[in-house]
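Dumping the structure here so I can ask a few things about it.
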Amino acid sequence: MTSPDRPVFPFRRPPELDMPELDGPELDGPGPRHRVVIVGGGPVGLTVALELARRGVPSVVLEADATVAEGSRAICFSRRTLDILDALGAADGVMAKALPWTHGTSYYRDKPVFRLAMPHGPDDKFHPMVNLQQYSLELALIACVAREPLIDLRWQNRVSAVASGPDEVRLTIETPAGSYDLAADTVVAADGARSTVRRLLDLPLNGHSYEGRYLIADIRMQSAYPTERRAWFDPPSNPGATILMHKQPDDIWRIDYQLHDDEDEAAELAPERIRARVTAHLAFIGETAPWSLEWASVYKAHCRCLDNYVAGRVIFAGDAAHLVPIFGVRGLNSGMADANNLGWKLAAVAKGEISGRAAAALLESYGRERRAATLEIFEQAGKSTVFMTPPSRGYALMRQAALELGVRHDFVRPLINPRQSAPFAYDAPDGADDAAFRGGPRPGALFANRRLPDGGYLSERLGRDFTLLLFGPEDAPVRPDLTVLRLADAASRAAYDAGADSAYLLRPDGHVAARWKTRPDDAAIHAAIDRALGKGPSDSGGEQ
Amino acid sequence: MNGPLPDGAIEALFDQMATAIDGVGEAQESLFLVKLVLLMAAEIGDPDRITALIAEARKSLDD
């Protein structure tokens, strides 16, 4: 079984192999000291690097492999992920191939029991979900990285030791040309579910794992079926268990079937076994075209995460920080949100715009916000997982009753909902809200995208740093890190429950930092920006 | 307390349930009863009332 072309990226001899000793003074130049080193060149690591580069911060990205992900792996990317990619210039590369979708059907045996319809309106630039193989996403990100002189992406660089101290982190890296050391102010560990950095620092992922095992098989097959998520409960092709099916580009279809408790994983991964089971399912759904097996893998569902995503000068993101169940497609999508939350905060610290207590508070807020998002995923995806794989007789009985009733009754269908990924709303800072609002995104929530009169989207106009949304002709303070946008149309005012002199302050990641129903004075806006940057009232006016 | 069931309704329910349980057979008995619980709960529509009824039904002779 092979994946389509995965280019091998050249190994370049790291300059540090021929450099003076580690304790030299150089920083970010051709030397072994760096502000940011990112371990892991997958989607999350590359996105952190691009977020930093966008803000003028260089980074070294260390990738142990010589090429992109093997197998399709994460294949469903949410609208929020696409907006994040779009701001980094990577969305066009993704959308050139990705398959957009809005709908799905869940079946009990052969009867439909749930119709998934994800909202998609004129104010959304991207579809709620698009399907694309993870290696294609990585290639699109790598193309963006190649255009960024600030990003030093190093293939076949494998971390073998980590020493994290109060002033720096030291890494030992193995390469085909020998090993070398780097020192970094900050290390971002984005090295995946089996994170080397996490293992070397002996940090546990706490939580629980579900018993159920699922085999995913990518097949190449021509089919006229549209791009919709399909799920079967107790189909004749997998009695008593589940099957999911997704369309991917290049006539690749993912079939995801649940293994029974008594089935042996290694035996089921044998190509003959997979062919037999896939053949049975394709016959059941009436697909008759010839097909070939491309790739297969077995996974389990976990709800596990680090107690702290920030461990001194090492910051964890993506699967290195958390493992979530596949149902609801939140794994890679939450990793991208991690990178988008971390990037601007780490950039501010790395550039020295904030330091001391404010810097520590800002980076701690990344861990707090994204871990809270992870816990919500555990709750949502946990419900879906329990429904996919009932852990006890009581749950199995309830599921069967819900599925049977779901054929004819609407009220049980929320139980069958796959609970697809949605952006998380962070806790609002004290004093950031205005009780006069009766609608609109609250502080902590994501901004509401709008189609603009000139045909563009609000998402495309947001500032690299902070954005002030105004809804009338009011003046705004002028500062280099503040982009001012005016939405004067009635529909936008309604979406934000804004009057002519209302204002919303957005963070660099598009989440609302503060809002005012009536015109805030400039001091209030400056104070809200300071607060969003982790500066307390005593920190205003500069670094410590 | 007789509750809101009209005269004779409890006798009719008794027969209906016995007949239905016999009719679905032992293998389907639990599934039938759980489906009926869900359908009736949707009619009651009051989560606190439903929780109280579940607790009441869990009580054994000695509780």
Side-chain angles (χ1 to χ4, degrees), chain A residues 105-116 212 231-236 238-243 258 260-262 376 379-380 382-419, chain B:
Chain A
T105 305
S106 299
Y107 301 86
Y108 177 50
R109 299 186 181 158
D110 62 342
K111 297 183 169 26
V113 290
F114 181 83
R115 182 75 177 147
L116 173 68
W232 290 267
F233 295 90
D234 192 25
N238 199 16
T242 60
I243 296 183
Q258 186 181 350
H260 294 86
D261 293 344
D262 57 354
E376 197 210 43
E379 195 189 321
Q380 291 296 304
K383 289 179 189 168
S384 299
T385 305
V386 162
F387 200 83
M388 294 299 281
T389 310
S392 69
R393 170 166 161 73
Y395 280 100
L397 193 52
M398 291 309 300
R399 182 177 90 160
Q400 193 178 1
L403 288 169
E404 282 206 18
L405 289 175
V407 177
R408 281 191 279 273
H409 297 273
D410 214 28
F411 76 94
V412 289
R413 288 175 184 149
L415 297 168
I416 308 169
N417 191 330
R419 302 181 183 88
Chain B
M1 167 174 151
N2 288 337
L5 286 176
D7 287 350
I10 190 65
E11 276 91 358
L13 179 63
F14 189 84
D15 289 332
Q16 281 174 294
M17 287 301 303
T19 304
I21 290 168
D22 290 336
V24 298
E26 208 167 332
Q28 295 296 308
E29 180 181 300
S30 293
L31 181 62
F32 159 68
L33 292 170
V34 165
K35 284 163 68 179
L36 186 59
V37 165
L38 285 171
L39 287 165
M40 288 189 168
E43 299 272 337
I44 293 172
D46 175 350
D48 291 339
R49 189 81 199 103
I50 292 163
T51 300
L53 289 168
I54 292 172
E56 186 64 27
R58 287 190 74 161
K59 287 181 190 168
S60 72
L61 198 58
D62 304 316
D63 285 334

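Naming convention: chains lettered A, B, ... in sequence-line order (proteins, then strands); numbering from 1 in each chain. Just so we're clear, the structure is a prediction, and the values are computed from it rather than from any experiment.
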Open item on the list: Need one label for R393(A): side chain, backbone, both or neither, based on atoms under 4.5 Å from any heavy atom in chain B.
Closed with: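 Only the side chain of R393(A) comes within 4.5 Å of chain B.
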Open item on the list: Please identify which of these residues, L415(A), V407(A), V412(A), meets the side-chain contact (heavy atoms from CB on, under 4.5 Å) condition with V113(A).
Closed with: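 That would be V407(A).
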Open item on the list: Donor-acceptor check, side chain of D22(B) to backbone of T19(B), threshold 3.5 angstrom: yes or no?
Closed with: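 No.
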Open item on the list: Checking an interface table here. Which of residues 26-45 of chain B come within a heavy-atom distance under 4.5 Å of chain A?
Closed with: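 Residues S30(B), L31(B), V34(B), K35(B), L38(B), L39(B), A42(B) are the ones that qualify, each having a heavy atom under 4.5 Å from chain A.
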- [ ] Check whether more than 12 heavy atoms from other residues, nucleotides or ligands sit under 6.0 Å from atom CG of D46(B), and answer yes or no.
- [x]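 It does: D46(B) CG has more than 12 such atoms within range.
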Task: Distance (rounded to the nearest 0.5 Å) between K111(A) NZ and R408(A) CZ - done: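 Result: 8.5 Å between the selected atoms.
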- [ ] Just do the side-chain contact (heavy atoms from CB on, under 4.5 Å) check on H260(A) and N238(A) with the steps written out, would you?
- [x] CA-CA 9 Å; H260(A) 294 86; N238(A) 199 16; 3.2 Å; yes
Task: Separation between CD1 of I416(A) and CZ of R115(A), rounded to the nearest 0.5 Å - done: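 The CZ atom of R115(A) is 14.0 Å from CD1 of I416(A), to the nearest 0.5 Å.
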Open item on the list: Rounded at 0.5 Å granularity, tell me how far CG in L403(A) sits from CG in D234(A).
Closed with: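 Interatomic distance, L403(A) CG to D234(A) CG, rounded to 0.5 Å: 8.5 Å.
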Task: Other residues, nucleotides, ligands: >12 heavy atoms within 6.0 Å of D261(A) CG - done: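 Atom CG in D261(A) is not crowded, with 12 or fewer foreign heavy atoms closer than 6.0 Å.
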TODO: Check whether any side-chain heavy atom of Q400(A) sits under 4.5 Å from a side-chain heavy atom of F233(A), and report yes or no.
DONE: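 No - every pair of side-chain heavy atoms lies 4.5 Å or more apart.
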- [ ] Output the residues of residues 382-390 of chain A for which the shortest heavy-atom distance to chain B is under 4.5 Å, in residue-number order; output 'none' if no such residue exists.
- [x]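 Result: none.
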Open item on the list: Measuring only between side-chain heavy atoms, which start at C-beta, is N417(A) closer than 4.5 Å to R413(A)?
Closed with: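 No, too far: nothing below the 4.5 Å cut-off.
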